[in-house]
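This report concerns only the one structure given below.
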4 protein chains.
Amino acid sequence: MAPVKNNKNQNSSKRDQILHAAVDKFLEKDFYQVTVTEIAELAGVGKGTVYEYFSSKEELFKESFSYCAGIYLQTFKINFAELASARITMEDILVTHLNLIKENRNKLHLLFNERPQNLKELQAWILEQRRELLNELTGLISEGIRLGEVRSDLNVDMAARLFLALNQQVIGEMVLLDNIAVEEAQLKELLDLYWNGIGKSALWQGH
Amino acid sequence: MAPVKNNKNQNSSKRDQILHAAVDKFLEKDFYQVTVTEIAELAGVGKGTVYEYFSSKEELFKESFSYCAGIYLQTFKINFAELASARITMEDILVTHLNLIKENRNKLHLLFNERPQNLKELQAWILEQRRELLNELTGLISEGIRLGEVRSDLNVDMAARLFLALNQQVIGEMVLLDNIAVEEAQLKELLDLYWNGIGKSALWQGH
Amino acid sequence: MAPVKNNKNQNSSKRDQILHAAVDKFLEKDFYQVTVTEIAELAGVGKGTVYEYFSSKEELFKESFSYCAGIYLQTFKINFAELASARITMEDILVTHLNLIKENRNKLHLLFNERPQNLKELQAWILEQRRELLNELTGLISEGIRLGEVRSDLNVDMAARLFLALNQQVIGEMVLLDNIAVEEAQLKELLDLYWNGIGKSALWQGH
Amino acid sequence: MAPVKNNKNQNSSKRDQILHAAVDKFLEKDFYQVTVTEIAELAGVGKGTVYEYFSSKEELFKESFSYCAGIYLQTFKINFAELASARITMEDILVTHLNLIKENRNKLHLLFNERPQNLKELQAWILEQRRELLNELTGLISEGIRLGEVRSDLNVDMAARLFLALNQQVIGEMVLLDNIAVEEAQLKELLDLYWNGIGKSALWQGH
DNA sequence: AATGAATGAGTCTTCATTCAT
DNA sequence: CATGAATGAAGACTCATTCAT
C-alpha cells in the first residue's frame with residue numbers, strides 16, 4: 001500500500017502560498033497590471049498550478065480582496081454583551097483600527113484603492129459588509145443612548161456614518177496618505193471632537 | 001434670421017465630444033476595460049480622431065479625471081473676505097456639495113472609484129488638490145474661532161479633516177452608495193452632529 | 001482681365017520644394033520611417049499639397065531616388081569623341097567620382113542604402129542604369145586597347161566591372177564608411193593598383 | 001530498433017523553425033513589409049510563440065541578419081599557418097566565395113540589400129565584421145609580399161579593399177544581379193586581372 | 001498533481017490618403 | 001490650388017488560459 005499523502009494540508013498550503021502571493025501583487029498594482037505569471041513566480045509554483053486552485057484570475061482577485069477585507073472587518077466586530085460604556089468602546093475601536101492600519105499599511109491599499117467595477121458580485125458583497133458595519137455601529141450608539149452617555153435627540157444612523165468616516169477617511173488618510181505618525185493621544189482628541197463637536201458649549205449655542 | 005453657426009467652437013466641440021465620451025466610459029468601467037475604439041464610437045468619431053486630440057489613452061484618462069475633479073473642487077472654494085459666520089458657510093458648503101453630488105452622480109464615481117496607481121503624476125496632483133482643500137477648511141475653522149463660534153481648544157487640522165469626511169464619505173456614500181434622498185433638512189442634522197457632537201452637553205459631561 | 005499668374009513656374013518650384021524635402025528625409029531614414037507629414041512640414045507646405053504633385057508616397061520615393069541617381073550617374077558619362085588616353089580618362093573619372101561623393105556624402109546614402117525590394121519598376125530602372133554604366137566603361141576600356149594602353153588579352157567586361165567596383169565599393173567605403181580623407185594622390189595609387197595589379201612585374205609572372 | 005526521438009533538440013528546432021521562416025521572409029521583403037504574423041504562419045507556429053523565442057521583431061531581424069552574415073563570413077577566415085602562396089590562397093577564397101554565393105543566393109540578398117539604418121547596434125556590428133575582414137586580407141597580402149609574390153611598393157590596405165570589392169561587388173553582382181553562370185575559369189581571369197592589372201606590362205608602362 | 005510551452009484573441013497606436021472648405 | 005481634420009486599415013505585442021507530458 002502506498003504511503004498516505006496528506007493531500008488536504010499539502011493542497012491547502014500550496015493554495016495559501018498562491019493566495020498570499022496574489023494579495024501581495026494586487027496590493028502593489030492594479031488588477032490589470034498584475035499578471036498571473038508573476039503571481040505564480042512569487043508563489044514559487046508553476047503557472048498552470050495557479051489554475052489548479054483558482055478557476056481564473058478574477059476568482060483569485062475576489063478571494064484576495066475578501067481575505068484582506070476579512071482581516072479589516074474584525075476591527076468593528078463588537079460584543080454588546082455587558083457593554084459598560086459606548087465612549088470607551090469607541091475609544092477601543094479607534095485604537096484597534098489605528099493599529100490595524102499601521103500594521104497592515106500595504107494590505108489595506110487593496111481595500112481602499114481597488115474598486116472592481118465589473119465584479120458586480122464582489123461589489124455587492126462589499127456593500128453588504130459596509131451595511132453590517134454600520135449596523136454594528138448603530139447598535140453601539142443606541143446602547144450609548146440607553147446608557148445615558150449619548151444624547152437621545154440625534155440621528156443614530158448619521159452618527160454611525162460619521163464615526164465610520166472618522167475611522168476610515170480621517171484616520172486612514174492621516175496614516176496612509178499623509179504619513180502622520182498618529183498616536184493614541186491624538187485618537188483621544190479625535191474622539192473628543194466627535195463627542196463634543198466643534199461648536200462652543202451647547203448651553204450657549206441656542207442664544 | 002438664420003441661426004449663426006459658431007465655427008470657432010466646432011473644433012472645441014469635437015474635442016469635447018471625445019472628452020465627454022471618455023468620461024462616460026471611464027465612469028462605467030475600469031481604465032483597462034475601456035477601449036479607445038469604444039470611446040471613439042460613443043463620441044461618433046473615427047478611432048484616429050481620438051489621437052488627433054489626445055496623445056494617448058492615458059492622457060485621455062488624465063484629462064477626464066481632471067475634468068471631473070475640476071467640477072468637484074469648485075464646491076470648496078471659499079471666499080473669506082467678510083466672512084460673517086463659519087457655521088453658515090459650512091451649511092452653504094454642505095448644500096452646494098450635496099447638489100453637486102446629485103447633479104453629477106455619475107461624474108463623481110470616477111473621482112471616488114478610480115485610483116490609477118501607476119499614474120504617479122496624477123496621483124500627486126490629487127494629493128495636492130486634497131491638501132489645498134484641507135487648507136481652505138482649516139482657514140474656515142480658524143475664522144470660526146476668531147468669530148467666537150468655534151471653540152478655541154480644538155485641533156483645527158483634525159476638525160477640517162472631519163468636515164471633509166462628513167462631506168465626502170458620509171454624504172457621498174448616502175447619496176451614491178445607499179441611494180438615500182438626502183435633503184437640506186438632513187444636512188442640518190448632520191451639521192448639528194458635527195457642531196455639537198454626539199455626547200450629552202459638555203457642561204454635564206464632566207459630572 | 002485677371003493678372004496672369006505664372007503657374008508653370010510656381011508649380012514647378014513648389015514641386016521642387018517637396019521633392020528636395022523628400023530627398024532630405026529619405027536620405028536620413030528608411031522609407032517606412034519617413035512620414036509624408038514630415039516631408040510636407042520640411043517643404044513648408046500642407047500635407048494635402050504633397051498629393052497635388054505626387055500620387056503617393058511611393059511615387060515620391062521613386063522620384064527622389066531617380067533624382068539622386070541622376071546626379072550620380074553623370075560622373076560616368078564619358079565623351080569618347082577624340083579620347084586621348086583611357087588612363088587619363090579613368091583618372092578623371094576617379095577624381096570626379098571622389099568629388100561627387102565628398103560633395104554629396106548624404107545624398108548618396110540613399111543610393112547605397114535603400115534597396116526598395118518591392119518597387120520592381122525602380123529595381124529594373126536601377127539595373128538598366130548600371131548596365132549602361134558598364135557599357136560606357138566597356139567602351140572606355142576597348143578604346144584603351146585600341147590606343148595601345150590596355151592589354152588586349154583581357155576580358156573587357158570584367159575589367160569594366162572591376163573599375164566600377166573600384167569607384168563604388170573601394171572609394172565609396174573609404175569615404176563614406178571609414179571616413180578616410182581620400183585625396184587625389186591616393187586615387188593615383190588606386191589607379192596604379194588597378195592598372196598594374198598587385199603581382200610582381202608581369203615580365204616575371206609568366207616564368 | 002525504434003527510432004530515437006531527440007527531445008533535446010525539439011525546443012531548439014522550434015526556435016530554428018521561426019528563425020528560418022524569418023530569414024526567408026526578410027530575404028523576400030523589407031523589414032517593414034514583413035509581418036510577424038506572416039513569419040509565424042510560415043514557421044507553422046502561433047503568433048505568440050514567436051515572442052517566446054524572440055523578444056521583438058527587431059530582435060528577430062538582428063538574429064536573422066547575423067545568421068546570414070555568419071554563414072558568409074566563414075569564407076574569409078584564413079589560416080596563415082604555413083601559408084604557401086598568397087595567390088593560391090586568393091584563388092581558394094574566390095572559389096569558396098563563388099560557391100557560397102551560388103549556394104546561398106537567397107540568403108545573401110539579405111546581407112547586401114538590407115541596411116537597417118535605425119539598428120545602430122547592428123550597423124556597428126556590420127562595420128566591425130567588415131573591418132576584421134579587411135584585416136584578414138591585409139595580412140594575406142603582407143604575407144604575399146614576404147613570400148615575394150606581391151610587389152612591395154603597394155598600399156596593402158588598398159589592395160585588400162580592391163580584393164574585397166572583387167569578391168563582393170564584381171562576383172556578387174555577376175551572379176546575383178546579372179545571373180551570369182560564373183565558373184572557376186572566369187575566376188582565374190578575374191584574379192589575373194587583379195594580379196596583373198589592365199595595363200600593358202609595367203616594363204613598358206613608363207615608356 | 002504540477003508544469004510551462006503554445007496559443008490567438010484583443011488593444012493601442014500609427015500614418016497614408018481623402019475631401020470638404 | 002492649398003489645406004489639414006478626419007479616417008480606419010494594419011500591425012506589434014501582451015497575457016489569460018489550455019493541455020500534453
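Nothing here was measured: the structure is a model prediction, and the numbers come from that model. Within every chain, numbering begins at 1; the chains are lettered A, B, ... in the order of the sequence lines, protein sequences first and strands thereafter.
Every side chain to side chain contact (heavy atoms under 4.5 Å, CB included) that C:Y51 has, sequence neighbours left out, goes to C:V36. Here C:K47 pairs with nothing under the salt bridge (Lys or Arg N to Asp or Glu O under 4.0 Å) rule; sequence neighbours left out. In this structure A:E52 satisfies the side chain to side chain contact (heavy atoms under 4.5 Å, CB included) test with no other residue, sequence neighbours excluded.
Remark: C1' of F:dA6 and CD of B:E41 are 16 Å apart, rounded to the nearest angstrom. Whole-Å rounding puts the D:I18 CD1 to E:dA6 C1' distance at 10 Å. Spacing between atom CZ of A:F54 and atom P of F:dT17 amounts to 13 Å, rounded to whole angstrom units. Rounded to an integer number of Å, the gap from D:E38 CD to F:dC13 P is 15 Å. Taking atom CD of residue C:E59 and atom P of nucleotide E:dT17, one finds them 11 Å apart after rounding to whole Å.
Checked options D:F54, D:F26, D:Y67; the residue passing with D:F61 is D:F26 (criterion: ring-ring contact (aromatic ring centres under 6.0 Å, His included)).
A centroid separation of 6.0 Å or more is found between the aromatic rings of A:F31 and B:Y32.
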Base contacts versus sugar-phosphate-only contacts with protein, heavy atoms under 4.0 Å: please encode nucleotides 11-16 of chain E as B, S and - from 5' to 3'. SSBBSS
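Listed by first and then second residue, the salt bridge (charged side-chain N to carboxylate O under 4.0 Å, His left out) pairs that reach into residues 31-40 of chain A are A:K25-A:E38, A:K29-A:E38, sequence neighbours excluded.
Note on B:Y53: a side-chain N or O is less than 4.0 Å away from OP1 or OP2 of F:dA6. For B:K14 and F:dA6, the shortest distance from a side-chain N or O to OP1 or OP2 is below 4.0 Å.
Across B:I39 and B:I18, no two heavy atoms sit closer than the pair CG2-O, 4.0 Å. For the pair A:S66 and A:W125, the tightest heavy-atom approach, listed with the atom from each and the gap, is CA-CH2, 4.0 Å.
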Map every base of DNA chain F to its dot-bracket character, where paired means a Watson-Crick or G-U wobble contact with both distances under 3.5 Å and | marks a partner outside the strand. .||||||||||||||||||||
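In this structure, D:K57 contributes its side chain and D:V34 its backbone to a donor-acceptor pair below 3.5 Å.
Both A:V50 and D:V45 lie near DNA chain E, and the one whose nearest nucleotide falls closer to the 5' end is A:V50.
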